[in-house]
Amino acid sequence: MSEQRPRPTTTTDSGIPAASDEFSLTVGPQGPTVLHDHYVVQKVQHFNRERVPERVVHAKGSGAHGFFEVTNDVTPFTRAAPFGAVGKRTPMFARFSTVAGEQGYADTVRDPRGFALKFYTEDGNYDLVGNNTPVFFVRDASKFQDFIHSQKRLPDTGMRSNDMQWDFWTLSPESAHQVTILMSDRGTPRTYRHMNGYGSHTFSWMNAAGEKFWIKYHFKTVQGPENFTDAEAAAMTAEDPDFHRRDLRRAIDAGDAPEWRLEIQVMPFEDAASYRFNPFDVTKVWPHGDYPPIEVGRMVLDRNPENYFAEVEQAGFSPANLVPGIGLSPDKMLMGRIFSYHDTHLHRIGPNYEQLPINAPHSEVHSYNKDGAMTYRHAGNQPVYAPNSYGGPEADPQRAAEVGWSVEGAEIGRYANAHHAEDDDFGQAGTLYREVMSDTDRDHLAANIVGHASDEVSQSIQERVVAYWAAVDPELGARVASGLGISNGRERVPEHAAAVLAEHANRA
Ligand code: NDP
């Protein structure tokens, strides 16, 4: 905010000069306030309507504008507009967020971080709505609401509950990989600038010749990954609850534009059926040894929003916003998200939220959707139905280039997994613990788990916590058991958890 610019006259929202910024219209100096002081009445009414519903998840966020620049030719894999010729730049907006907390929550709490990107391409908006983790807690959208409820607040006390979180996680073993990352120091990133972003799901790409590929996205922070320890994060929560927001804002204001390098992994379309695990399972990564990363370009965030509400709060991202050359995959979490995001923005912002400047594509819109609350953009006398004989827009399947896949001999049903040889829940979490983490990472992980599971978690659930981590890695399980004071855990491990352990031991 600047004190220097010439001060305009205050007006009503209809543009009429206001008589006073401070004094209501009253009957004499001690008299009652009159109702026909429409300016003050308007202030009161509008104030009462200032908030739109808070996002159910990712409520507290920060955003910035920037661009994506192609640095490597990936046109052999996709015809998608933002990944065209080397040197091509596409304007972008990015929003980072915590997940479970509300709008006023502290930035530095242990939580995954949202990493939502909007590319304003000449073929419409491309949204890649990811996280700072390459995997997710559950692999089926039917469990998402339950998962989020477990991260939010208890129905009676209105407080968050570690007991509820561990109850859900230990009864949902597919969460182990993501919870390993969450409980490591990556669960408390130092800043938004110092974390990676991932598309997490598998997507499909199609090139100009119609050849299809399965794709994973990785945005690697050029600043380098840096995290807080649990103690540092807790201290910052007390010192500055808006620390991540402030850091991003200040860095960009100071000309220190943060940058991420986009790398992709490419799987030939036909590999998916015979790969050793289901490549569309969002609880798993594709090991780099199998599908090495290929550089695509860089994302730079170099402009702060001028208005938080208009640009960050009203920003609406949707994984359904794909542009020609990019498609979905049979990932069940992704399928659920395709419906969910647009739906929540219709509720939260309104049926015409895509007309707001932050959400409006920079390309032309020729849609047959019309009217509704707060509509602004209209199509004049364009016919309101298709097909029509009066020159209205016509769909172009060639230009849309939808990416599909075939499902042969499949029966409608409810399936727990896809029956690949290695569709297990604990393997990749164990690999992360044993082969990727440093000794310090492992020490911090064990201490963070013990600290978190010691905080008002019942003993029966602590016993399951031990079994869960023993299934990830027996040595980690022993460290957690000892930290929680549950001997080695085995004799007190309940039946469900013992079965999990036995299954893991058989596989090993
Ligand atoms: P690699 O050794 O090739 O890659 C390991 C990856 O782990 C790197 O991308 C690194 O990314 C990341 N990483 C390093 N430390 C941590 C940490 N404390 N928490 C989370 N990620 C970390 O191994 P593989 O590809 O064979 O995968 C082995 C394991 O690494 C997987 O089971 C998975 O848990 C983890 N991982 C794998 C990723 C993948 O896409 N293959 C992505 C991220 C993690 P960075 O540049 O950030 O250090």
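Atoms within each ligand, like the ligands themselves, are counted from 1 in listed order. These numbers come from the heavy atoms of this one structure, side chains and all, not from hydrogens, waters or symmetry mates.
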Quick one: does His177 get a heavy atom under 4.0 Å from ligand 1?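 Yes, His177 has a heavy atom closer than 4.0 Å to ligand 1.
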Run the contact test for Lys284 against ligand 1 with a 4.0 Å cut-off on heavy atoms, strictly below, and give the result.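 Per 4.0 Å heavy-atom rule, Lys284 does not contact ligand 1.
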Charged N to carboxylate O under 4.0 angstrom, [X] versus [Y]?
| X | Y | result |
| --- | --- | --- |
| Arg464 | Asp167 | yes |
| Glu313 | Arg55 | yes |
| Arg442 | Asp439 | yes |
| Asp107 | Arg245 | no |
| Asp455 | Arg160 | no |

Under 6.0 Å from the ring centre and within 45 degrees of the ring axis: does the NZ or CZ of Lys118 meet both conditions for the six-membered ring of Phe317?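 Output yes; distance and angle both within limits.
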Ligand-residue contact atoms, ligand 1 with [X], heavy atoms, under 4.0 Å:
| X | answer |
| --- | --- |
| His218 | 40 (O) |
| Trp286 | 39 (C), 40 (O), 41 (N) |
| Asn196 | 45 (P), 46 (O), 47 (O) |

Has ligand 1 got any nitrogen or oxygen that is less than 3.5 angstrom from a nitrogen or oxygen of Asp441?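 Asp441 vs ligand 1: no N/O contact under 3.5 Å.
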Would you find a donor on one side and an acceptor on the other, under 3.5 Å apart, between the side chain of Trp260 and the backbone of Lys220?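 Such a contact is absent between Trp260 side chain and Lys220 backbone.
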Check each of Gln178, His288, Arg434, Arg186 against atom 48 (O) of ligand 1 and report the one with the nearest heavy atom.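 When every heavy atom of Gln178, His288, Arg434, Arg186 is considered, Arg186 comes closest to atom 48 (O) of ligand 1.
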Return the closest protein heavy atom for [atom] as residue, atom name and distance.
| atom | value |
| --- | --- |
| atom 35 (C) of ligand 1 | Leu432 CD1, 3.9 Å |
| atom 32 (O) of ligand 1 | Gln428 O, 3.1 Å |
| atom 37 (C) of ligand 1 | Val285 CG2, 3.7 Å |
| atom 7 (O) of ligand 1 | Val436 CG1, 3.7 Å |
| atom 46 (O) of ligand 1 | Lys220 NZ, 3.0 Å |
| atom 26 (O) of ligand 1 | Pro287 CB, 3.6 Å |

How long is the span from the CG atom in Asp242 to the NZ atom in Lys60, to the nearest 0.5 Å?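 Answer rounded to 0.5 Å: 4.0 Å.
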Mode of [X] contact toward ligand 1 - side chain, backbone, both, neither (heavy atoms, under 4.0 Å):
| X | result |
| --- | --- |
| Pro134 | side chain |
| Gln265 | side chain |
| Glu435 | neither |

How about Glu456: does its CD atom have over 12 heavy atoms from other parts shown lying under 6.0 Å from it?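 Counting other residues, nucleotides and ligands, CD of Glu456 stays at 12 neighbours or fewer.
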Just checking Trp286 against Tyr275, ring centres under 6.0 Å apart?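 Here the rings of Tyr275 and Trp286 have centres that are no less than 6.0 Å from each other.
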Can a protein heavy atom be found under 4.0 Å away from atom 10 (C) of ligand 1?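 No, there is none.
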Not counting sequence neighbours, which residues clear side-chain contact (heavy atoms from CB on, under 4.5 Å) with Phe339? List them please.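 By the side-chain contact (heavy atoms from CB on, under 4.5 Å) rule, Phe339 matches Asp343.
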